[in-house]
There are 2 protein chains.
Amino acid sequence: MTEAVSRPTLEAVAARAGVSRATVSRVVNGGDGVREPLVERVRRAVEELGYVPNQAARSLVTRRHDAVAVVIAEPETRVFADPFFALQLRGISKELTAHDSQLVLLLTEGPEDYARVGRYLAGGHVDGALVFSLHLDDPLPGLIRGAGVPTVFGGRPGWGDGPRGDGPTVYVDSDNRGGARDAVRHLVGLGRTRVAHITGPLDQTSAVDRLDGFRDVMVDADPRLIVEGDFTPAGGERAMRVLLDRCPEVDAVFAANDLSASGALRVLRERGRRVPEDVAVVGFDDMLPVAEGADPPLTTVRQDIEEMGRLMARLLLRGLDRRGRDEAAHPGPGEGLGGAPSSVVLPTTLVRRASA
Amino acid sequence: MTEAVSRPTLEAVAARAGVSRATVSRVVNGGDGVREPLVERVRRAVEELGYVPNQAARSLVTRRHDAVAVVIAEPETRVFADPFFALQLRGISKELTAHDSQLVLLLTEGPEDYARVGRYLAGGHVDGALVFSLHLDDPLPGLIRGAGVPTVFGGRPGWGDGPRGDGPTVYVDSDNRGGARDAVRHLVGLGRTRVAHITGPLDQTSAVDRLDGFRDVMVDADPRLIVEGDFTPAGGERAMRVLLDRCPEVDAVFAANDLSASGALRVLRERGRRVPEDVAVVGFDDMLPVAEGADPPLTTVRQDIEEMGRLMARLLLRGLDRRGRDEAAHPGPGEGLGGAPSSVVLPTTLVRRASA
DNA sequence: GGCCGGCCTGAGAGCGCTCCCCGATCGGGT
DNA sequence: ACCCGATCGGGGAGCGCTCTCAGGCCGGCC
């Protein structure tokens with residue numbers, strides 16, 4: 001708890017360097033259009049005085065904040081039990097840092113917080129928002145679009161892919177459906193014929209997409225082989241018990257995530273089924289401590305979570321840039337022909353371990 | 001990606017309500033000293049116009065930002081593999097939200113980021129900082145103190161408890177040592193005589209404190225019963241193997257965290273030792289998916305991580321408040337007689353499950 | 001050698017808000 | 001009913017910065 005000291009202003013630097021405020025400003029902001037000797041002199045003055053620009057003053061006039069809000073809306077405690085968001089945050093952080101932007105974290109505990117978040121975003125305190133909304137019926141995305149803040153979503157939002165309101169919805173997601181297909185195909189390739197699926201909570205698009213992927217391969221799967229889980233180990237256990245009771249001859253399980261797979265594994269062990277000999281199990285996420293630490297280690301579908309975060313940030317920043325200088329950019333990944341960012345779906349890879 | 005609209009100013013609200021800017025300002029900032037009918041009129045104007053104060057303009061004059069930086073310095077990937085920070089963040093977020101403060105997240109990937117963080121903090125963009133520095137030799141805390149920003153640390157910093165530089169170091173930590181004592185006493189109470197300890201990385205104060213707690217109880221423990229781990233399952237496995245090789249008659253293990261305990265558990269199973277019959281195992285953290293999901297479920301030491309976060313934020317905000325109006329506050333927890341915040345060590349509780 | 005053009009530099013006007021200070025206003029006391 | 005004190009409202013300055021604009025300097029070209 002130390003007193004803050006009064007910091008030098010642009011004016012002070014200008015005086016010290018013997019130039020005008022404007023020149024110092026130019027140097028501080030890149031130095032274009034200032035001749036080398038002056039640049040040098042100003043740089044030195046900045047250094048000596050330990051000058052740091054006052055962001056508030058700067059924002060006041062530029063109307064930019066070099067800050068992005070990250071909104072994590074998750075009513076359930078579950079979220080924080082897995083490293084998913086942490087990894088995304090890290091990816092986001094890296095990308096933002098590289099662009100000298102700050103990360104303002106907005107966590108909501110429930111719908112009662114939504115108004116606050118909406119107000120904050122609408123308040124123009126940040127240049128854009130990265131929003132994680134996992135539930136189909138979540139009002140938050142709508143609220144945010146209403147705030148008129150450039151936004152990129154993490155995970156496919158519930159309303160589908162198409163445009164809605166003004167402008168297309170931009171999101172970054174893993175190829176949940178494709179990954180699920182790969183997982184199930186792998187099981188089928190192993191010669192398994194009674195492949196079951198423990199789903200995630202079906203109010204989340206990722207769970208729905210994984211189920212769709214399962215169905216893509218198991219076109220006429222016995223509906224009794226599909227049991228709803230909730231992405232938790234306990235849910236996995238419950239589902240596995242149901243599965244075993246309903247259909248004892250099941251010889252493979254595709255669990256919608258590693259956590260439920262670990263629960264399934266435990267029940268299988270408890271019931272004396274060998275994995276993978278009697279029942280092959282595949283998870284999803286490649287959540288390391290869980291997947292690698294499982295017994296046996298879990299074959300699973302890996303998604304590059306950190307990269308998702310990085311990409312979200314990149315897409316947002318790119319969109320932000322475009323508003324300033326509207327020259328045609330070189331379309332990169334996640335950028336349509338017009339240069340406007342478009343959604344990106346990242347590939348997944350199957351990681352083979354012992355369980356299948 | 002929607003265009004932002006130009007937002008109404010104080011002036012506009014004033015015009016609409018038929019009062020002066022100052023009056024609107026007063027109402028917006030609490031409404032003291034304005035008569036009820038006027039307050040009402042202003043409130044309505046604010047509502048109708050959807051006015052939100054421009055934080056940049058406000059900060060420019062008040063020199064307050066209503067924002068706190070959360071610095072998470074963790075060179076290792078490990079951090080994000082556990083929900084520790086996520087839970088703290090949540091506690092912090094709740095508390096900050098209640099005080100209308102924003103949370104600016106600063107993640108560092110390594111020492112190369114420290115200068116950036118130092119510059120940001122010194123730049124006076126935030127009112128204070130909450131810093132997680134886990135390593136004894138981390139230069140970051142010093143750097144931050146140098147920046148002259150009010151700071152509360154998460155976890156006891158490496159340089160010990162005493163004051164250093166200007167003002168005391170304020171931190172919030174779990175009672176790692178006491179918790180460790182409880183864990184070991186529990187094992188001893190079970191009649192175990194050859195109690196081993198798998199430590200955490202000893203460049204972290206939490207690991208050191210837990211080791212100290214172990215030693216407090218096992219005063220003349222066979223040094224061969226203490227093996228250094230690294231808070232990971234793999235480290236726990238390694239350590240357990242060493243332990244079993246060195247000292248096959250070991251009948252209890254206190255692992256410095258749940259992750260290493262889970263590794264130990266796996267090795268014990270692999271070597272045919274029954275838990276808890278042959279070897280009792282206690283972990284630390286009560287990291288739920290790991291502890292509850294372990295086989296057998298882990299007896300462990302629970303710390304209230306979210307509360308730690310909440311307390312950190314509360315301490316910081318309280319310190320911040322004191323700088324404004326310096327009236328003597330009612331000393332609460334974590335507040336010395338002078339009203340200045342002091343460090344807090346939170347109690348831990350032993351959670352009994354099947355492993356010991 | 002003179003003139004024109006281009007590139008740098010400096011002066012000044014605010015961005016939206018808070019807060020100080022003074023004038024206005026209202027209530028109470030006699 | 002009058003005066004005084006306390007309290008409330010309005011005007012204005014200025015927080016630190018950016019950015020436009022006009023002027024100055026230098027080089028090049030004829």
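Each chain gets a letter, A, B and so on, in the order its sequence line appears, and its residues count up from 1. Below, all heavy atoms of this structure are taken into account, side chains as well, without hydrogens, waters or symmetry copies. Please read these numbers as outputs of a predicted model, since none were measured by experiment.
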Can you identify which nucleotide, out of [options], has its nearest atom closest to the [X] side chain?
X: Val61(A); options: dT9(C), dG10(D), dC15(C); answer: dC15(C)
X: Arg63(B); options: dG10(D), dG16(D), dT18(D); answer: dG16(D)
X: Asn54(B); options: dG10(C), dC17(C), dT18(D); answer: dC17(C)
X: Tyr51(B); options: dA11(C), dC17(C), dG10(D); answer: dC17(C)
X: Ala57(B); options: dC17(C), dC20(C), dC19(D); answer: dC17(C)
X: Leu60(A); options: dG16(D), dG9(D), dC17(D); answer: dG16(D)
X: Arg35(B); options: dT9(C), dG9(D), dC19(C); answer: dG9(D)
X: Ala22(A); options: dA11(C), dT18(D), dG11(D); answer: dA11(C)

Could you state the atom-to-atom distance from [atom1] of [X] to [atom2] of [N] in whole Å?
X: Arg64(A); N: dC19(D); atom1: CZ; atom2: C1'; answer: 15 Å
X: Gln55(B); N: dC15(D); atom1: CD; atom2: C1'; answer: 14 Å
X: Leu10(B); N: dC15(C); atom1: CG; atom2: C1'; answer: 13 Å
X: Leu38(B); N: dT7(D); atom1: CG; atom2: P; answer: 18 Å
X: Arg58(B); N: dC17(D); atom1: CZ; atom2: C1'; answer: 20 Å
X: His125(B); N: dC15(D); atom1: NE2; atom2: P; answer: 19 Å
X: Arg7(A); N: dC17(D); atom1: CZ; atom2: C1'; answer: 12 Å
X: Arg21(B); N: dC19(C); atom1: CZ; atom2: P; answer: 13 Å

*asked:* Check the phosphate of dC15(D) against Ser59(B), side-chain N and O only, distance under 4.0 Å to OP1 or OP2. Yes or no?
replied: no

*asked:* So, OP1 or OP2 of dT18(C): does either fall under 4.0 Å of a side-chain N or O from Ser25(B)?
replied: yes

Taking the side chain as every heavy atom from C-beta outward, state whether [X] and [Y] have any atom pair closer than 4.5 Å.
X: Ser25(A); Y: Leu10(A); value: yes
X: Val68(A); Y: Leu130(A); value: yes
X: Val28(B); Y: Val13(B); value: no

*asked:* Quick check for you: to the nearest 0.5 Å, what is the distance between Glu306(A) atom CD and Ile92(A) atom CD1?
replied: 10.5 Å

*Are any of the side-chain nitrogens in Glu47(A) or Arg43(A) under 4.0 Å away from the carboxylate oxygens of its partner?*
no

*Take Arg26(A) and Thr9(A), find for each the nucleotide of DNA chain D with the closest heavy atom, and name the residue whose nucleotide sits nearer the 5' end.*
Thr9(A)

